[in-house]
*Asks:* 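This structure is in structure tokens; I'll ask about it shortly.
Values reported hereafter were calculated over all heavy atoms of this structure, with side chains retained and with hydrogens, waters and symmetry mates removed.
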Amino acid sequence: MNINLFLQQWLDRNVYDLARQMRLSYVPPMMVYLAAGVSGLTGIVGAFFVKDYLGLSAEFLASLGFWAMLPWTMKMPIGHLVDLLWQHKAKLIYLGASLVAASLLIMLNILADPKAMSNSLSVETWFVIASLLAPMGYVIQDTVADAMTVEAVPRVDEQGQSIPDEQIRLAHTTMQTLGRVAIIGGTLIVALANVYWFRGVANMNAAAQTATYIQIYRWALLIPVISVLGVLLAAHLRSNEEWRLLAKGYEFEDIKRELNRSVSEVPKMNRWILGGGLGFVLFAAVMGLSNIAFNEELIFMGSLLIVVFLLGRLTTELTPAAKRQLFGTALVIFAFRAVPTAGAGSTWWMIDELGFDQQFLSKLTLISSLLTLFGMFLFRRFMAERSITDIIVTLTIVMTVLSLPEITLYYGFHEWTQTHIASFIDARFIALVDTALESPLGQIAMIPMLAWIANSAPPQLKATYFAVMAALINLALSLSQLLTKLLNQWFVVTREVKNTVTGTVAIPADYSQLGGLFFTEMVLGFAIPMLVIYIAKCTLLAKSADE
């Protein structure tokens, strides 16, 4: 077969076709997602700020990561509130934007004038507050954006005729893919900006680096502005559509129905969802403020029980086969997202031992974003044609294999390659290749699930269903943080911490146990998803597959 013809056909099916399906109504939720993607603008700055200025351990940071993930588990009651208060979605976006802006301003002032900030609270306390405010804002915005993706898919064409259900389902898949593209596109913008800002960072003194960090946080204040502009654009497009339908002779109630906002579709308040959400908040607050041993683990278990119970109450209207499919799919994805990571110690080791600076880490992020976008197009047909379990099995195997380069770097494989193969095959080259291969894998498992929700959930409960799955997924990420914390307790990794006044070493660097941490991470990353997939296929998914 002619290679040029094959390439042209592939591009037409996977890239051009997606572009042809693009509509202006898809842009507002994509802007909110874009803001979420751009939120990583301060990630590298935060890593170096913690390493250079704060004496926080890897265990404490993993614990903080657990608390920062908890707001995302609240997406279920928040999602139900979004369904109930849909007419006020703009105000919810403004609230989320305000919380994000507050977090950014705190970090900006910590960097610009730490002495003034420490007069009221310690710098570490301010950092914790900022780390908790940001996810609160993003979870509100993300919940609204999920529901906006459903509203963005039109039900009538330009002539006012109803669109067939098959085309609507395809449009939902396209919208969810474009939503992921917007998020990854945001990370791509971030990576390009960081590569530019961190040029020559190795030759900067401490004052120059701090000035660069401040500049980045100032630009980051545009993040909440992007999401607000998305809501304003949505209101403008909706107004134009209403006027167009009025000109065609539609009645007001018909317009509301055709634009996905029929009065009959406004859901009744689900007291189980809201009451369970309130119970979760009280439970988490009481346990979090107590000094009970293993309080974080107890919070996770209690939260998981609450979310699973509420999910059962929410899905009472689904058929038994659909309910088993939903629970089986959620269980598999939960296991895949719950695998632990090496934690902050891995990044510290790369910085201290391998000499990775801010600009090189920015380049890794840039490559990751570019190839993730490419991978989403490349695997588009694979995601549409294969089951969730097939996708997760493939991703688990590939990601296990791709964890090997990091282990080999720890044991000096790059030194051998430079001596016996080629001088350019050093630690940075191996890291670049590993990142290039691993980048597209993280987002692939989510798109089929999101498209299934958009197509199958009750029209009046779209935000709630999106939020239910998101709550489970983010509880999985909380479990990942807990397992990461546990691994960091077993394998203690410390970076060098110096007294900022005297310059003496307060805590010496110790990466001697990092190899064992890497191996354990790899084994658990393979075993956990595979075991759960086997159990799911023997139980929940086995029955639904036979029907």
*Asks:* Find the distance between CG (L531) and CZ (F526) and round it off to the nearest 0.5 Å.
*Replies:* 11.0 Å

*Asks:* Between atom CD of Q325 and atom OG1 of T329, what is the distance when rounded to the nearest 0.5 Å?
*Replies:* 4.0 Å

*Asks:* Just verifying a value: how many Å separate L121 CG and I110 CD1, rounded to the nearest 0.5 Å?
*Replies:* 9.5 Å

*Asks:* Counting C-beta onward and ignoring hydrogens, is there a side-chain heavy-atom pair between F519 and L524 closer than 4.5 Å?
*Replies:* no

*Asks:* Nearest 0.5 Å, please: how far is CD in Q141 from CD1 in I226?
*Replies:* 10.0 Å

*Asks:* Do you know the tightest heavy-atom contact between A342 and N488?
*Replies:* O-ND2, 3.5 Å

*Asks:* Which atom names give the shortest non-hydrogen contact between G525 and T396, and what distance separates them?
*Replies:* O-CG2, 3.6 Å

*Asks:* Under the 3.5 angstrom rule, does the side chain of S480 hit a backbone N or O of A476 as a donor-acceptor pair?
*Replies:* no

*Asks:* State whether the number of non-hydrogen atoms from other residues, nucleotides or ligands found under 6.0 Å of Y534 atom OH is greater than 12.
*Replies:* no

*Asks:* Working to the nearest 0.5 Å, report the span between CE of M136 and CG of L99.
*Replies:* 7.5 Å

*Asks:* Between F327 and L311, is there a side-chain heavy-atom distance shorter than 4.5 Å?
*Replies:* yes

*Asks:* Test Y33 against every option in D142, T149, D146 by the side chain to side chain donor-acceptor pair (under 3.5 Å) rule and name the one that passes.
*Replies:* D146

*Asks:* So F127 and I106, do their side chains get closer than 4.5 Å, heavy atoms only?
*Replies:* no

*Asks:* Is there a side-chain contact between L541 and V332 (heavy atoms, below 4.5 Å)?
*Replies:* yes

*Asks:* Taking atom CD of E521 and atom CZ of F491, what is their separation to the nearest 0.5 Å?
*Replies:* 11.0 Å

*Asks:* Checking side-chain contact (heavy atoms from CB on, under 4.5 Å) against M530, which of I397, I392, I535 comes through?
*Replies:* I397

*Asks:* Using the rule side-chain contact (heavy atoms from CB on, under 4.5 Å), only one of V181, I189, I183 pairs with L34; which is it?
*Replies:* I189

*Asks:* Looking only at atom types and distance, does a side-chain atom of T484 sit under 3.5 Å from a main-chain N or O of T341, one as donor and one as acceptor?
*Replies:* yes

